[in-house]
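Below is one structure, written out as structure tokens; the observations come after it.
Start at 1 with the first residue, then count along the sequence.
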Amino acid sequence: MNLIVSWWVVASLILPAVMGAGILLLMRHNLLLSRLASIGSGLALLVIAVVLLIEADSGTIQSYALGNWRAPFGIVLVLDRLSAMMLLLTAVLGLAVLFYTIATGTDRKGWHFHPLFQFQLLGLNGAFLTGDLFNLFVFFEVLLIASYGLMLHGQGAARLKAGVQYVIINLVGSTLFLVAVGLLYGMTGTLNMADLAVRVSAAPAGDQGLIAASALLLTVVFGLKAALVPLHFWLPGTYAATSGAVAALFAIMTKVGAYSIIRTNTLIFGEDAGALAFVTGSWLLPAALVTIVVGFIGLMAARGLRDMAAWAIVGSMGTLLAAVSVFTPEAMGAALFYVLHSTLAGAGLFLIVDLIARRRAEHGDAIGLAPRFSQIEILSALFFLAAIATVGLPPLSGFVGKLLILDGVRGTPYVVWIWAVIMLTTVIGVIAFARAGSLVFWKSAAVEGLMTTGTPRGSTGSFAAAAGLMAALAALTVLAGPVTRYTADTAAQLFDPAGYIQAVLGPQSGGRR
């Protein structure tokens with residue numbers, strides 16, 4: 001790896017790790033210093049992510065061996081188009097959520113918000129950069145432990161109940177992850193993903209059964225993180241119970257599961273893996289389609305705006321994984337565009353819902369009639385934008401994303417099923433959001449009496465953060481040409497893993513599986 005690039009890659013991990021520890025040990029009782037440190041770290045991570053994206057766009061895959069221990073024996077970080085894109089997405093979302101948190105004073109409800117936030121970013125960046133399955137597990141645990149603290153930040157009985165469920169479910173997932181990793185190591189003698197790609201493709205027939213079992217187990221673990229039906233049940237209650245800012249940050253947590261499914265299935269169990277090629281595909285697509293239906297039915301049945309936002313995350317993950325599970329470059333390119341859209345749209349919806357709930361006093365986020373509240377006009381406009389983005393209506397990027405997915409799956413045997421489910425659930429989503437919007441804004445505007453809560457503190461800054469995410473969706477639409485070019489190139493790189501293998505294992509590997 002180029003020495004300068006290697007420093008940037010390592011900095012994306014060291015910076016949040018050092019900053020999180022520094023805030024925890026030296027600044028946790030000084031809110032102003034904690035905020036300044038977090039903002040500085042967030043801005044620096046954004047700059048790093050932009051630099052790495054520009055570097056990755058050249059098409060060169062670069063690896064960095066920590067401690068100069070060569071793969072597959074040491075820890076390796078790998079920068080390619082996909083990891084660079086996810087780093088930038090994390091940085092943009094993290095900065096928006098951080099500004100919203102500070103503007104609304106959410107970080108005042110406990111001493112440890114900012115160190116936990118930094119450790120969360122560390123876990124996310126590490127998961128996207130690691131080239132080793134065991135270290136993927138390690139970074140999963142880092143981001144999950146940080147997410148436990150963030151989810152419970154601010155206390156409350158409902159939050160504690162949802163947090164206990166969240167912890168138990170993820171402990172089960174972590175246990176299954178270790179079992180899967182142990183099986184793979186026992187069969188292949190390695191956990192480096194590039195080395196696994198070589199060894200799995202050459203595995204004797206007698207070992208393929210256990211390797212297939214470990215692949216399915218890994219996909220179950222990643223499906224749990226991605227809220228894939230029937231492993232989705234933890235998400236709605238967890239996301240709806242936590243604070244709006246934390247739920248917005250968690251919009252990218254499910255994408256870690258989707259990223260892991262994409263990475264392992266295109267690199268380790270890709271088309272060159274022989275009998276093990278795309279071994280999980282036979283059940284991944286049906287599960288994804290059911291996830292779409294369940295998510296949008298939940299959207300229709302929700303009684304609160306936070307519940308709607310949570311179920312929207314489930315539905316969007318189904319849409320994303322339906323495109324992924326086809327395992328073609330065209331559909332994968334569309335799925336990667338949808339990753340960007342759905343993360344920003346889901347986070348923006350949570351922030352807007354939180355803004356609404358803060359102004360409706362005892363009515364909170366309930367979908368029902370209530371007295372007219374402050375700033376209802378601008379909030380109704382933001383909610384409208386978030387709604388059309390979430391369901392995939394023009395002119396925002398959700399429409400572009402769904403069109404790309406529908407076009408990307410045209411040549412597959414499952415095109416009728418995918419088209420039918422996506423089109424039907426889009427209509428359900430429109431009805432659900434129209435119902436909620438009419439009750440919360442239009443009909444409530446006619447109810448006599450202005451709520452006495454007034455305008456909450458930090459109104460300008462919190463609005464700027466939410467509006468910024470909506471502006472990012474508009475930018476994604478305007479720049480759809482270059483963005484889709486990048487995601488198409490990323491998909492092509494994923495389906496040609498020779499470059500990744502050679503970058504990690506060296507020229508002697510020849511990039512061969």
Side-chain angles (χ1 to χ4, degrees), residues 31-32 34-43 46 91-110 113-114 116-117 120-121 150-151 153-154 156 159 239-252 304-306 308-310 312 343-366 370 372-387 389-390 436-437 440-441 444 450-475:
L31 186 59
L32 177 60
S34 296
R35 287 175 169 180
L36 290 174
S38 278
I39 291 173
S41 174
L43 289 171
L46 180 61
V92 170
L93 180 60
L95 205 54
V97 171
L98 186 58
F99 278 120
Y100 182 88
T101 301
I102 293 172
T104 57
T106 302
D107 56 344
R108 291 177 176 272
K109 297 180 179 179
F113 180 88
H114 291 287
L116 287 170
F117 191 89
Q120 180 83 32
L121 295 179
L150 289 173
M151 194 264 162
H153 184 78
R159 195 166 295 179
Y239 281 35
T242 191
S243 66
V246 171
L249 180 63
F250 283 7
I252 201 169
L305 295 178
R306 288 191 178 97
M308 285 191 73
T343 304
L344 297 174
L349 182 58
F350 271 114
L351 295 188
I352 293 165
V353 166
D354 191 58
L355 288 172
I356 295 167
R358 287 170 177 270
R359 287 156 177 78
R360 296 182 79 217
E362 70 274 8
H363 296 277
D365 72 319
R372 179 186 175 89
F373 53 92
S374 64
Q375 300 173 313
I376 188 173
E377 294 83 3
I378 188 171
L379 282 170
S380 63
L382 286 174
F383 183 81
F384 176 73
L385 290 174
T390 300
V440 174
F441 300 106
S444 290
L450 178 67
M451 286 191 177
T452 58
T453 54
T455 303
R457 57 168 293 163
S459 179
T460 302
S462 55
F463 269 96
L469 290 177
M470 294 299 102
L473 293 176

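- Leu355 and Ala466 get closest at one heavy-atom pair: CD1-CB, 3.9 Å.
- In this view, Ser243 satisfies the side chain to side chain donor-acceptor pair (under 3.5 Å) rule with no residue, not counting sequence neighbours.
- Distance check: Leu150 CG to Thr101 OG1 gives 9.0 Å after rounding to the nearest 0.5 Å.
- Taking CD1 of Ile356 as the reference point, atom CD1 of Ile376 lies at 9.0 Å (rounded to 0.5 Å).
- The side chain to side chain donor-acceptor pair (under 3.5 Å) check on Ser380 picks up nothing, with sequence neighbours excluded.
- For the ring pair (Phe, Tyr, Trp, His ring centres under 6.0 Å) test, no residue two or more places apart in sequence or in another chain qualifies with Phe350.
- Across Met151 and Ala241, no two heavy atoms sit closer than the pair CE-CB, 4.2 Å.
- Across all non-hydrogen atoms, the minimal contact from Ala389 to Leu473 is CB-CD1, 3.7 Å.
- Among pairs with a residue in residues 376-386, those fulfilling salt bridge (charged side-chain N to carboxylate O under 4.0 Å, His left out) read Arg372-Glu377, at least two apart in sequence or across chains.
- For Ala347, the side chain to side chain contact (heavy atoms under 4.5 Å, CB included) partners at least two apart in sequence or on another chain are Leu93, Ala248, Ala251, Leu469.
- Between Asp354 and Arg358, the shortest heavy-atom distance links the atoms OD2-NE, 2.9 Å.
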The test is side chain to side chain contact (heavy atoms under 4.5 Å, CB included); show your working for Leu379 and Arg360 and say whether it passes.
CA-CA 12 Å; Leu379 282 170; Arg360 296 182 79 217; over 6 Å; no

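- The salt bridge (charged side-chain N to carboxylate O under 4.0 Å, His left out) test applied to Asp107 returns Arg35, not counting sequence neighbours.
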Stepwise side chain to side chain contact (heavy atoms under 4.5 Å, CB included) check, Leu98 with His114
CA-CA 9 Å; Leu98 186 58; His114 291 287; 3.7 Å; yes

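- A donor-acceptor pair is defined here as one N or O able to donate and one able to accept, closer than 3.5 Å; no such pair exists between the side chain of Tyr239 and the backbone of Ala309.
- Remark: Phe383 pairs with Phe433, Phe441 by the ring pair (Phe, Tyr, Trp, His ring centres under 6.0 Å) rule, at least two apart or across chains.
- When all heavy atoms are compared, the tightest approach of Leu249 to Val97 is N-CG2, 3.9 Å.
- The side chain to side chain contact (heavy atoms under 4.5 Å, CB included) check on Ser41 picks up Leu15, Met19, Leu45, Gln118, with sequence neighbours excluded.
- Considering only residues two or more places apart in sequence or on other chains, Leu43 meets the side chain to side chain contact (heavy atoms under 4.5 Å, CB included) condition with Ile39, Leu95.
- Considering all non-hydrogen atoms of both residues, Tyr100 and Ala245 come closest at CD2-CB, 3.9 Å.
- Between Ser38 atom OG and Phe113 atom CZ the span is 8.0 Å, to the nearest 0.5 Å.
- With contacts defined as side-chain heavy-atom distances shorter than 4.5 Å, the pair Leu349/Met308 does not qualify.
- A search for side chain to side chain contact (heavy atoms under 4.5 Å, CB included) contacts involving Ala357 returns Arg306, Asp365, not counting sequence neighbours.
- The CD1 atom of Ile252 sits 5.5 Å away from the OG1 atom of Thr343 when rounded to the nearest 0.5 Å.
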